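All values derive from a computational prediction rather than experimental measurement. Residue numbering restarts at 1 for every chain, and letters A, B, ... go by the order of the sequence lines.
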Amino acid sequence: MLKIILGEVRQYKKDALLTPLCMILEVVMEMVVPLLMASIIDDGVNAGDMGHIYRVGLWMLAAAGVGLFAGMMGGKYGASASCGLARNLRKSMFAKIQTFSFENLDKFSTAGLVTRLTTDVTNIQNSFQMVLRMGVRAPMSIIVAMAMAFYVSPRLARIYLVAVLVLAALLFAIIFLVRPIFDTVFKKYDDLNASVQENIAGIRVVKSFVREDHEKKKFSDASGNIYKLLLKAESILAFNSPIMMSTVYLCILLISWIGANMIVGSELTTGELMSLLTYCMNILMHLMMLSMCFVMITMSMTNARRISEVLLEEPTIRDPADGVTEVADGSVDFDHVFFAYGKDAEEPVLQDVDLHIAAGETIGIIGGTGSAKSTLINLISRLYDVTEGCVKVGGVDVRRYDLDTLRNEVSHVLQNNVLFSGTILENLRWGNKEATQEECERACRLACAHSFISGMPDGYNTYIEQGGSNVSGGQRQRLCIARALLKQPKILILDDSTSAVDTATDAKIRKAFREEIPDTTKIIIAQRISSVMDADRIVVMDNGRIHGVGSHAQLLESDAIYQDVYASQTGGGTGDFDEKEGEC
Amino acid sequence: MPGPGNRAAVRTKGSLKANRNTIGRLLGYVGKRYGVQLVFVLCCILVSVYCNLQGTMFLQNLIDDYIMPMVTAHSRDFSPLLAAMGRVALFYALGVLASFAYNLTMAFVSQGTMRDLRDELFHHMEELPIRYFDTHAHGDIMSLYTNDIDTLRQMLGQSLPQIINSSVTIVGVLACMIMLNIPLTLLTLLMVGVTLFVTKKLAGNSARYFVKQQNDLGRVNGNIEEMMNGQKVVKVFCHEQESVEEFNRLNDELFDSANNANKYANMLGPANAQIGNVSYVVIAVAGGFLALSHIGGFTLGGLASFLTFNRSFNMPINQVSQQLNFIVMAMAGAERVFALLDEEPEVDEGYVTLVHAKEENGTLTESSERTGMWAWKHYHRESGTTDYVRLAGDVVFDDVDFAYVPEKTVLHNIRMFATPGQKIAFVGATGAGKTTITNLINRFYDIADGKIRYDGININKIKKADLRHSLGIVLQDTHLFTGTVADNIRYGKLDATDEEVRAAAKLANADGFIRRLPQGYQTMLSGDGASLSQGQRQLLAIARAAIADPPVLILDEATSSIDTRTEKIVQDGMDKLMKGRTTFVIAHRLSTIRNSDCIMVLDQGRIIERGSHEELLEEKGKYYQLYTGKIVNA
């Protein structure tokens with residue numbers, strides 16, 4: 001897991017390596033200072049040699065200068081290495097997500113992906129910087145300080161060695177205790193945020209059911225739980241500093257006692273004792289930093305795991321090697337297709353669907369909620385792969401096509417369609433980057449969107465808000481259709497894409513399709529029978545199976561479900577009253 | 001990229017002055033709740049710093065008073081040293097205890113503040129008017145709970161105790177230094193001045209880039225959220241390459257500002273540390289000179305002590321300067337959090353409440369039990385009397401005007417009445433004002449002019465909670481909550497029994513599909529019920545409204561995502577549900593509205609036609625046009 005994350009350092013490897021090197025240099029300089037200091041006191045002050053004080057003082061200034069340079073460079077490299085890692089992680093994840101199939105996307109929720117790209121990366125960035133700068137610096141300081149201490153007095157330095165080992169053991173014990181708590185807390189945090197998200201999105205529901213207090217209580221309970229857990233974790237962490245302080249104080253007392261004895265026995269100078277005590281402080285400070293590093297690493301392990309989940313996820317649908325890059329025609333064949341979401345699903349969603357659609361044909365699909373209409377057509381542009389059987393477009397198994405080729409020829413207007421922030425023109429050009437204004441207008445005329453776009457103050461340059469929230473449902477649907485048309489596909493799939501468009505306009509769109517793009521195979525899912533009535537053939541789906549296929553007249557004669565739907569929608573006109581707009 | 005559109009961001013610009021106010025407010029917030037604890041923390045820190053100083057003092061005395069005499073006198077009497085060590089050991093122990101106590105208390109304070117702030121944020125958010133949610137991007141509100149509160153955790157948990165500790169240490173050490181030697185103290189302070197100057201330079205640079213970083217971060221987060229939501233569309237349009245390019249552009253900008261911000265922030269530490277070292281050298285040379293020349297009775301031990309103090313003085317200053325970035329970021333976060341807390345909550349000046357009632361001898365009286373009968377309790381201030389009006393569901397609009405923004409009226413002179421049990425349908429193009437009318441009945445928005453009466457009472461006088469309790473609503477965009485299916489239905493009536501839940505589900509024709517779910521009614525839903533189809537979610541929403549059993553129903557495209565065959569079955573349930581209730585229906589399916597008592601045809605915020613289906617057809621107006629328009633095209 002860490003290997004994957006660290007592998008993303010890539011072009012910042014140099015910076016990532018230079019940071020600890022600079023830090024080591026800084027540490028060495030920092031350690032040299034007390035040594036020089038001892039020299040000032042012992043050989044300068046005690047010997048009354050002012051010249052020595054100046055000389056060593058200059059050396060100390062030089063050491064400070066080198067330390068400054070090393071520290072600054074370390075800071076600079078540390079910043080670019082950690083920010084660079086964050087940049088690469090975001091970039092790689094984003095690129096990886098682009099290769100995800102619908103199945104992969106369903107597995108990670110949208111919110112899950114957003115958190116991974118934002119919060120998780122930020123946490124990794126912070127810990128990485130911390131580790132680069134402190135994680136190397138702190139142990140280095142400890143080692144150098146120890147080495148210096150051994151140099152000054154091996155006998156006294158042994159005390160430090162024992163103390164450091166004891167401390168390390170205690171710190172690890174603390175981390176061992178705290179880590180599982182943090183793991184739980186992060187999970188609970190996610191849940192809490194999810195519930196906030198729900199409340200923001202569903203605020204109208206909350207308010208209309210007057211459930212504010214209910215929601216508040218739910219939130220306070222959840223937030224109280226997190227509080228309790230965090231308090232527990234922090235209470236354990238609070239032992240950190242007393243343990244460390246006690247150890248250090250014990251060291252000071254021991255050193256003072258033994259040191260005093262040694263000085264009296266002329267085995268140690270006072271200057272050496274002073275620098276030993278300075279090293280002691282230094283070791284303490286860096287142990288604290290080290291323990292902070294450990295806490296950071298501990299906490300970011302969770303983030304790292306979540307990120308590597310994305311980076312390691314295998315796209316379930318891949319481009320085949322040497323994919324076919326030509327779609328012969330717009331024919332579609334379903335050969336005894338079975339499909340199940342996930343491998344463990346008890347019952348397949350689609351069962352033995354056998355359907356053959358000729359190029360240029362218009363097919364209507366109708367069926368109850370959950371009858372697997374969308375599932376069926378999602379197989380055509382290979383948004384999902386069949387479990388059994390095969391789907392062919394232009395006589396070739398869809399799994400053999402180059403994905404871009406297939407999806408450019410099979411234009412799919414999704415049920416939950418989305419517009420992106422940007423002008424209408426920019427949105428339309430998703431279908432075809434090079435589309436001219438004229439081409440865009442033509443597509444919009446076909447989709448009956450031109451008139452309302454022209455009616456807007458900025459026309460085709462009207463800015464669409466995120467998610468298309470500033471156009472109505474029907475307008476959004478028509479823009480989505482226009483966008484799909486700009487691909488000039490061989491097959492056009494509309495998944496309940498005119499549900500918010502009034503019947504009259506709906507009929508005009510279909511008429512335009514019939515007259516303007518006769519060679520394109522059109523597959524239309526609808527709930528309104530009027531939307532599919534004039535199709536060449538209508539497929540009636542029921543519980544994942546084809547219940548009946550035929551023209552309107554045939555089905556009306558033979559298919560019980562179709563008769564039922566027809567009866568429920570007619571019997572005195574099936575008028576729809578929404579979205580009635582002028583000429584098209 | 002074009003402008004940010006008309007959605008206001010929660011984001012605010014952080015100026016230093018505003019920051020100062022925010023700091024005060026944040027500290028006030030903590031102080032009000034945990035004042036006692038903070039005083040305790042302060043005391044503990046004082047004790048801990050004092051003990052620390054005692055330790056440092058001991059080190060001074062160690063050489064001068066205990067070791068030197070032994071060396072010079074060659075007397076091996078260790079007992080004074082032992083006694084001093086015993087004394088300092090006590091101080092050390094006390095110091096450790098104090099530091100443990102304040103760490104523990106601070107954990108309690110910071111975690112408690114975080115919880116309170118989170119709770120208050122959420123509680124306040126729940127009270128905000130719908131208008132707030134209309135005008136603020138949801139992702140932006142969301143980030144208050146994640147990014148902004150997180151910056152506060154860092155600041156409260158670490159920066160705050162650090163700063164208190166540092167300040168106390170600085171003051172204490174300063175006092176000790178002054179006692180030891182005044183000229184050397186002045187020299188030390190001079191070096192501190194240099195430190196502050198450098199800090200200001202570097203911190204100024206980094207703060208500028210931090211602001212830019214936050215903005216870039218916001219932009220990247222916005223892009224991520226939008227693209228992740230539209231990822232399936234991206235796939236369908238093979239638009240992967242383009243989205244990657246756009247993302248990389250924003251990502252690179254973020255890298256740039258983050259890199260610069262961190263670079264300057266990182267340089268601060270070493271710069272100050274080395275200035276500290278220089279200060280050390282300067283003091284050593286100057287002090288050495290003083291000690292050697294025996295000026296002012298300054299001794300070698302004094303110098304050693306002073307140098308230790310010099311270290312102890314520079315360390316907290318460095319620590320504070322390193323916390324500066326966290327504080328700047330936390331202030332930006334706190335400001336955004338406070339911005340939401342400062343939003344005006346929904347006002348409710350209503351005083352008419354909904355009570356259980358019973359009828360005795362033709363008069364209504366209040367009842368403490370559930371009677372199945374409800375009444376409005378209306379207290380008249382002038383006469384001091386209390387009226388009980390039976391809850392019936394009679395709704396009257398009297399010349400109502402409404403505007404979302406003052407100068408743009410979207411509803412004009414709406415007059416209509418619905419007597420109990422009637423079904424009123426609204427028909428018209430999107431933007432004609434259908435949903436707006438229903439939003440006025442439950443007072444999501446307040447009207448600009450005119451009156452709306454409910455059972456003869458002006459709805460402005462009714463308590464909002466009670467008003468909304470009496471209205472059932474099913475919206476086109478169904479929102480479900482994390483929890484079981486049963487929990488979601490029970491949302492309409494929290495104390496509903498399992499039987500009631502099942503009955504409501506049966507009424508909405510949802511029972512069938514629910515029982516086919518892996519765990520039936522106990523199936524967990526998450527992510528707004530993402531595992532269910534649109535139609536199934538709408539069925540749940542209908543069941544949820546049904547269980548609430550309100551006298552007035554508002555159905556805003558409640559069955560638009562249900563296929564007509566299922567709708568026919570639901571319709572039976574819906575008819576049962578609507579029976580005896582005043583119902584407002586917005587729908588584009590004729591089957592849903594045809595049997596309405598009255599159909600209102602709306603056009604650009606005005607009711608242009610009204611009447612029953614037959615009457616309107618007779619009239620041969622807009623309704624007729626709409627209706628026959630379909631016939632022509634069929």
(request) Go through the structure and list residues passing salt bridge (charged side-chain N to carboxylate O under 4.0 Å, His left out) with A:D213, not counting sequence neighbours. (result) A:K216

(request) Applying ring-ring contact (aromatic ring centres under 6.0 Å, His included), name anything that partners B:F58, two or more places apart in sequence or on another chain. (result)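 B:F58 satisfies ring-ring contact (aromatic ring centres under 6.0 Å, His included) with no other residue.
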
Sort [X] into side chain, backbone, both or neither according to what part of it lies under 4.5 angstrom from a heavy atom of chain A.
X	result
B:Q241	neither
B:V220	side chain
B:I473	both

(message) With a 6.0 Å cut-off on the ring centroids, do B:Y491 and A:H214 count as close?
(response)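 Aromatic pair counts; centres sit under 6.0 Å.
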
Between [X] and [Y], does any side-chain donor sit less than 3.5 Å from a side-chain acceptor?
X	Y	result
B:N266	A:Q129	yes
A:R90	B:N251	yes
A:S80	B:N259	no
A:E198	B:T482	yes

(message) Out of B:L539, B:V234, B:D466, return the one with the most heavy atom pairs under 4.5 angstrom to chain A.
(response)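 Option with the greatest count: B:V234.
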
(request) Could you tell me which of B:D252, B:L97, B:V88 has the largest number of non-hydrogen atom pairs under 4.5 Å with chain A? (result) B:D252

(request) Please tell me if the side chains of A:F102 and B:V236 come closer than 4.5 Å, counting only heavy atoms from C-beta onward. (result)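 Yes. Closest side-chain heavy atoms under 4.5 Å.
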
(message) I need the A:L414 CG to B:F237 CZ distance, nearest 0.5 Å.
(response)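 If we round to the nearest 0.5 Å, A:L414:CG and B:F237:CZ are 8.0 Å apart.
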
(message) Treating B:K235 as the side-chain partner and A:Q98 as the backbone partner, does any N or O pair qualify as donor plus acceptor under 3.5 Å?
(response)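 Yes; at least one donor-acceptor contact below 3.5 Å.
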
(message) Tell me whether B:N262 contacts the main-chain N or O of A:A79 through its side chain, where contact means a donor paired with an acceptor under 3.5 Å.
(response)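 Checking the backbone N and O of A:A79 against the side chain of B:N262, no donor-acceptor pair under 3.5 Å is found.
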
(message) Taking A:K207 first and then B:E126, would you say they form a salt bridge - that is, a charged N and a carboxylate O separated by under 4.0 Å?
(response)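 So A:K207 does not pair with B:E126 through a salt bridge.
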
